[in-house]
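Only one structure is covered here, and it is reproduced in the block below.
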Amino acid sequence: MEHIRQLLTIVGGLIIVVGAAWVAHGTHMVSLPGTDFMPKDSVWTVNGSLVAIFGLIVLVGARFLLPRDHEPSA
């Protein structure tokens, strides 16, 4: 179960990073060459926020809701 917790923690973190990148593009905080369809478009800001919130839910769920493996004491 510990491997699943670690995997979901990493996946949740990556989802948060992707959501934050979409928000940054949508608010024109970041502008990469060849990405003219994203800047200053509120749809990307809203979608990025929702994706980042989902990533936070995955991260919190992995860290606090999944049962931890306890080794028996000798």
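In what follows, every heavy atom counts, from backbone to side chain, and hydrogens, waters and symmetry copies are set aside.
The heavy-atom pair separating Leu8 from Ala62 by the smallest distance is CB-CB, 3.5 Å. The minimum heavy-atom distance linking Ala52 with Ala20 is given by the pair CB-N, 4.5 Å. Closest approach of Ile15 and Phe54 over heavy atoms only: CD1-CE2, 3.9 Å.
Put simply, OG1 on Thr45 and CG on Leu50 are 11.0 Å apart, with the number rounded to the nearest 0.5 Å.
Residues Val18 and Leu14 fail the side-chain proximity criterion, which asks for heavy atoms closer than 4.5 Å.
Taking Ile, Leu, Val, Met, Phe, Trp and Tyr as hydrophobic and joining them when side-chain heavy atoms fall under 4.5 Å apart, one finds Leu56 in a cluster with Ile16, Leu59, Val60, Phe64.
Cluster membership for Val23 and Val58, using ILVMFWY side-chain heavy atoms within less than 4.5 angstrom, is not shared.
The closest donor-acceptor contact from the side chain of Arg5 to the backbone of Arg63 lies under 3.5 Å.
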